[in-house]
S.K.: 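First the structure, which I've put down as structure tokens, then a few questions once you've had a look.
Just so it is clear, the values below take in all heavy atoms, side chains as well, and ignore hydrogens, waters and symmetry mates.
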Amino acid sequence: MTYRLSLDPSLHASYKSLPDEARRDLAVCLLDALADPIAHSSAYGVDDGTMRTIAHGRTAGVVLIGDDTVTLVHITCLG
């Protein structure tokens with residue numbers, strides 16, 4: 001099953017303002033998570049299988065996994 005990506009417009013603006021390398025790293029994480037969100041993410045705090053962390057390089061995000069969606073809820077970029 002392939003999940004759909006959900007992204008709030010204000011968070012999309014934050015994504016667009018990231019440096020090119022950070023956007024690329026986060027995009028790769030999101031694409032992987034859409035194919036298999038549990039396999040391509042880590043627990044965010046207590047592993048409830050719903051809130052997960054994706055990360056690559058100096059960029060990380062927090063996603064919420066729904067029945068058929070992956071919602072990006074937070075972005076962190078170091079640098």
S.K.: For Asp67, what residues pass the side-chain hydrogen bond (donor to acceptor under 3.5 Å, both in side chains) criterion, not counting sequence neighbours?
M.R.: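 side-chain hydrogen bond (donor to acceptor under 3.5 Å, both in side chains) list for Asp67, sorted by chain: empty.
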S.K.: Should the pair Asp68-Arg4 be classified as a salt bridge under the 4.0 Å nitrogen-to-oxygen rule?
M.R.: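 Yes, charged N to carboxylate O under 4.0 Å.
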S.K.: I'd like to check the side-chain hydrogen bond (donor to acceptor under 3.5 Å, both in side chains) partners of Asp32; sequence neighbours left out, ordered by chain and number.
M.R.: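 With sequence neighbours excluded, Asp32 shows a side-chain hydrogen bond (donor to acceptor under 3.5 Å, both in side chains) to no residue whatsoever.
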S.K.: With sequence neighbours excluded, tell me which residues meet salt bridge (Lys or Arg N to Asp or Glu O under 4.0 Å) with Asp20.
M.R.: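 For Asp20 the salt bridge (Lys or Arg N to Asp or Glu O under 4.0 Å) partners, ignoring immediate neighbours, are Arg23.
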S.K.: Report yes if some heavy atom in the side chain of Ile65 is under 4.5 Å from a heavy atom in the side chain of Arg52; otherwise report no.
M.R.: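 They are in side-chain contact.
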S.K.: Taking all non-hydrogen atoms of both residues, which atom of Tyr3 and which atom of Gly66 are closest, and how far apart?
M.R.: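 Residues Tyr3 and Gly66, closest heavy atoms: CE2-O, 3.5 Å.
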S.K.: What are the two closest heavy atoms between Tyr15 and Leu26, and how far apart are they?
M.R.: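 Tyr15 and Leu26 have their closest heavy atoms at CD1-CD2, 3.8 Å.
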S.K.: Let me confirm one number: the CG-OG1 distance from Leu18 to Thr76, rounded to the nearest 0.5 Å.
M.R.: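 Going from the CG atom of Leu18 to the OG1 atom of Thr76 covers 10.0 Å.
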S.K.: For the residue pair Leu72 and Leu11, establish whether any side-chain heavy-atom pair is separated by less than 4.5 Å.
M.R.: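 Yes - at least one pair of side-chain heavy atoms lies under 4.5 Å apart.
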S.K.: Applying side-chain hydrogen bond (donor to acceptor under 3.5 Å, both in side chains), name anything that partners Ser10, two or more places apart in sequence or on another chain.
M.R.: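 So Ser10 forms a side-chain hydrogen bond (donor to acceptor under 3.5 Å, both in side chains) with Asp8.
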S.K.: Which ILVMFWY residues can you reach from Tyr44 by hopping between side chains whose heavy atoms are under 4.5 Å apart?
M.R.: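 When side chains under 4.5 Å apart are linked, the cluster holding Tyr44 also contains Met51, Val62, Leu64, Val73.
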S.K.: For Asp36, enumerate each residue passing the side-chain hydrogen bond (donor to acceptor under 3.5 Å, both in side chains) test, keeping only those at least two apart in sequence or located in another chain.
M.R.: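 Partners of Asp36 by the side-chain hydrogen bond (donor to acceptor under 3.5 Å, both in side chains) criterion come out as none, since no residue qualifies.
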S.K.: When Val70 is tested against each of Ile54, Leu7, Thr2, Val63 for side-chain contact (heavy atoms from CB on, under 4.5 Å), which residue passes?
M.R.: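 Checked Ile54, Leu7, Thr2, Val63 against Val70; only one passes side-chain contact (heavy atoms from CB on, under 4.5 Å): Val63.
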S.K.: Check whether Ile75 and Leu5 end up in the same hydrophobic cluster, where Ile, Leu, Val, Met, Phe, Trp and Tyr are linked by side-chain heavy atoms less than 4.5 Å apart.
M.R.: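 Looking at the clustering, Leu5 is in the same group as Ile75.
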S.K.: Between Ala22 and Cys77, which heavy-atom pair has the shortest distance, and what is it?
M.R.: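 Minimum heavy-atom separation between Ala22 and Cys77: CB-SG, 3.6 Å.
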